[in-house]
K.L.:
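There's a structure below that I have some questions on.
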There are 2 protein chains.
Amino acid sequence: MVRAGLSPERLTLAGAELADEAGFDQVTLSALARRFDVKVASLYSHLKNSQELKTRIALLALEELADQVAHAVAGRAGKDALMAFANAYRDYARAHPGRYEAARFRLDPQTAAASAGVRHAQMTRAILRGYNLTEPDQTHAVRMLGSVFHGYASLEAAGGFSHTDVASQESWVWTLDSLDAALRNRAAP
Amino acid sequence: MVRAGLSPERLTLAGAELADEAGFDQVTLSALARRFDVKVASLYSHLKNSQELKTRIALLALEELADQVAHAVAGRAGKDALMAFANAYRDYARAHPGRYEAARFRLDPQTAAASAGVRHAQMTRAILRGYNLTEPDQTHAVRMLGSVFHGYASLEAAGGFSHTDVASQESWVWTLDSLDAALRNRAAP
DNA sequence: TCGATTTGCCTACAGGATTTAGGTAGACGC
DNA sequence: GCGTCTACCTAAATCCTGTAGGCAAATCGA
């Protein structure tokens, strides 16, 4: 019997790849076992259950996404930072649709609090510094930006923007321009 | 043997209720059969498969949502119409989380083209008439509004806005005010 | 009203996913 | 080299989907 060399990390990574290829809801322990040419029950030595697998993939995706965004906004400010953030976000969602879906997986509060989701919120607040907003406007803005970024990525992934001739890229830039203008309008005097 | 009086319509409605109670992914033919105290196989006389059930629930949700929005915007224009549209949308998502999830279910192109999703797009364009946008700005605006509405509803449903003291309602109004200002800024001269 | 047909719900079964219990053999410490 | 640990195994229960074929209630035509 040759050992397959499984580990929670390898399983999580393979699960993330599977998600990108086939969709997050196709990520099952059965499919993963098939991919490693191993019996399903063997995976339970490494993962408590399929819920844990999904949670781990979600955490991986949140980390990766936060890393990409952090790298993109480094050294930028104002509208420049906003665009970099938004583009990094959308690019990740397009390059890794399954992982992006996973990043929206409902985590229990403690797990969420310990996840890279926290960094997302911090980075969003960071780029808003360039807009000079006071509370509670800053919180409102965090929510608005999060809604637009997620909503756009989500609708685009669902194919919602492929019906007309207007390129999605143009709508994206237009939307970000509008957001920038709206935020500048909100700046504290 | 007493007949249960099933029909595609009754099953769809019960499925929608089940979705609101337990989540769209908990909508299974098994659960539905249990609810009607009937064997699972019996449902296949009324529905081709579970995919058809989900599709029908999605179509129902799209219809309901379009009806609510249509009712809300009737007789309104400009910012007034925008707010009515947005509030009807968010209210539906909050009142019927499972149905709202269903409304985002991926439909095949023909089904989507024949669904109430078309009315949604039309109504969005209708409220934008008050902002005097020319193409392709109008298309960009449709996409931006769709992103914000869906993104906000989605993040709110996921509990993303319950961490701080700032009320979600206030952020919502703030966001809509910002959108209104942004759109007015885009008006053709 | 009675017979024929349709149809609504049934049993039986096969396939696949999740999860648990318990066994065996390779890896590793002493 | 021996004992222990652990990675992977078989077996089995439970649940969901989907198909095939059967029986009886509803319905329709004469």
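Chain letters run A, B, ... following the sequence lines, proteins first, then strands; residues in each count from 1.
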K.L.:
What integer distance in Å separates A/Lys39:NZ from C/dA17:P?
P.N.:
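Interatomic distance, NZ of A/Lys39 to P of C/dA17: 12 Å.
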K.L.:
How close or far is atom P of D/dC9 from atom CZ of A/Phe36, stated in whole angstroms?
P.N.:
13 Å
K.L.:
Without decimals, in angstroms, what is the distance between A/Gln26 CD and C/dG16 P?
P.N.:
14 Å
K.L.:
Within residues 42-57 of chain A, find the residues that approach DNA chain D with a heavy atom at under 4.0 Å, and present them sorted by residue number.
P.N.:
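Correct list: A/Ser42, A/Ser45, A/His46.
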K.L.:
Find the distance between CG (A/Leu62) and OG1 (A/Thr111) and round it off to the nearest 0.5 Å.
P.N.:
11.0 Å
K.L.:
Does B/Arg34 put a side-chain nitrogen or oxygen below 4.0 Å from OP1 or OP2 of D/dC16?
P.N.:
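True: B/Arg34 side-chain N/O within range (under 4.0 Å) of D/dC16 OP1/OP2.
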K.L.:
To the nearest 0.5 Å, tell me how far A/Asn132 CG sits from A/Arg184 CZ.
P.N.:
13.5 Å
K.L.:
Just how far is it from atom CD of B/Gln68 to atom CG of B/Asp91, taken to the nearest 0.5 Å?
P.N.:
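B/Gln68 atom CD to B/Asp91 atom CG measures 8.0 Å (nearest 0.5 Å).
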K.L.:
When the distance from CG of B/Leu6 to P of C/dC9 is rounded to whole Å, what number comes out?
P.N.:
4 Å
K.L.:
Rounded to the Å, how far apart are B/Arg35 CZ and D/dC16 P?
P.N.:
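So the CZ-P distance, B/Arg35 to D/dC16, works out to 14 Å.
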K.L.:
Test of understanding: with salt bridge (Lys or Arg N to Asp or Glu O under 4.0 Å), list the residues that count as partners of A/Arg125, not counting sequence neighbours.
P.N.:
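Partners of A/Arg125 by the salt bridge (Lys or Arg N to Asp or Glu O under 4.0 Å) criterion, ordered by chain and then number, come out as A/Glu135.
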K.L.:
Write down the distance between CG (B/Leu32) and P (C/dC9), rounded to a whole number of angstrom.
P.N.:
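Roughly 12 Å, once rounded to whole Å.
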K.L.:
Does B/Ser115 reach the main-chain N or O of B/Ala112 with its side chain, forming a donor-acceptor pair under 3.5 Å?
P.N.:
yes
K.L.:
Have a look at A/Ala31 and say if it touches a base, only the backbone sugar-phosphate, or nothing, with a 4.0 Å heavy-atom cut-off.
P.N.:
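Contact class for A/Ala31: none.
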K.L.:
Can you tell me how far the CZ atom of A/Arg94 sits from the CG atom of A/Asn87, to the nearest 0.5 Å?
P.N.:
9.5 Å
K.L.:
How long is the line joining CD of B/Glu9 and C1' of C/dG8, in whole Å?
P.N.:
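Going from CD in B/Glu9 over to C1' in C/dG8 covers 15 Å.
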K.L.:
Taking CG from A/Asp25 and P from D/dT17, how many angstroms apart are they, rounded to a whole number?
P.N.:
14 Å
K.L.:
Would you call the rings of A/Phe24 and A/Phe105 parallel, tilted or perpendicular if under 30° counts as parallel and over 60° as perpendicular?
P.N.:
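If you compare the ring of A/Phe24 with that of A/Phe105, the planes turn out perpendicular.
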K.L.:
Of the listed nucleotides (D/dC16, C/dT18, C/dC10), which one gets closest to any side-chain atom of B/Thr28?
P.N.:
D/dC16
